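Notes for the one structure printed next.
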Amino acid sequence: MITPWVPGPAAGHVGEVQVMASRFELKSLAQVPGFLLQAMRMLLQARRSAGAVGATLKAAPFKKTFWTLSAWTDRAALGAFAGAQPHRGIVQAYKNNMAASKFEFWTAAAPAGWDEAHERLKDGVAG
């Protein structure tokens with residue numbers, strides 16, 4: 001499952017963007033439904049967050065694995081999003097349920113696609 005690219009308030013941003021890709025693997029299948037719901041809440045939060053160019057989510061529920069890909073006007077906007085609710089609370093609630101997580105950050109001329117995100121995360125999943 002891949003959500004469409006959800007544009008944020010800064011979707012018309014001209015210039016380089018700060019890109020973030022993440023990969024999360026849950027410890028238990030029982031955590032998947034709740035985590036998917038919370039991931040969708042965070043996607044909606046990104047859609048409203050100042051400095052968000054856009055975001056998307058990819059999920060492989062039976063593999064207990066989720067990926068995010070987002071673009072921001074700058075690192076400060078990304079940091080503000082990460083420190084705001086509901087993102088902050090969701091991270092705290094699920095941190096002990098993660099088998100693994102990985103984050104990659106880079107600057108690009110335009111938002112990246114899934115192929116580049118997977119390559120940077122080195123998780124070998126086809127885009």
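Just the heavy atoms: all of them, side chains too, but no hydrogens, waters or symmetry mates, feed the values below. The chain is numbered in sequence order, starting from 1. All figures in this text were calculated on a predicted structure; none of them were measured in a lab.
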Run through the side-chain heavy atoms of Ile, Leu, Val, Met, Phe, Trp and Tyr, join any pair under 4.5 Å, and report what else lands in V91's cluster. none
Qualifying side-chain hydrogen bond (donor to acceptor under 3.5 Å, both in side chains) pairs, either residue in residues 8-18, two or more places apart: none
Side chain to side chain donor-acceptor pair (under 3.5 Å) with Q85: which residues, sequence neighbours excluded? none
Quick one: side-chain contact (heavy atoms from CB on, under 4.5 Å) partners of E116, sequence neighbours excluded? W106, A112, R120
With ILVMFWY side chains joined below 4.5 Å, transitively, what does F103's cluster contain besides itself? M1, V6, M20, F24, L26, L29, V32, F35, L36, M40, M42, L43, L57, F66, W72, L78, F81, I90, Y94, M98, F105
Pairs where residues 24-52 contributes a residue and the test salt bridge (Lys or Arg N to Asp or Glu O under 4.0 Å) is met, not counting sequence neighbours: R23-E25
For S70 versus A55, what's the shortest heavy-atom pair and its separation? CB-CB, 3.8 Å
Pairing residues for A84 by the side-chain contact (heavy atoms from CB on, under 4.5 Å) criterion, not counting sequence neighbours: Q45
Side chain to side chain donor-acceptor pair (under 3.5 Å) with W5: which residues, sequence neighbours excluded? none
Mind checking what makes side-chain contact (heavy atoms from CB on, under 4.5 Å) contact with A60, not counting sequence neighbours? K63, W67
Tell me the closest heavy-atom pair linking L69 and A21, and the distance in Å. CD1-CB, 4.2 Å
Under the side chain to side chain donor-acceptor pair (under 3.5 Å) test, residues paired with S22 that sit two or more places apart: T68
So do the side chains of T73 and V17 get within less than 4.5 Å of each other, counting heavy atoms only? no
Applying side chain to side chain donor-acceptor pair (under 3.5 Å) to S49 and not counting sequence neighbours gives none
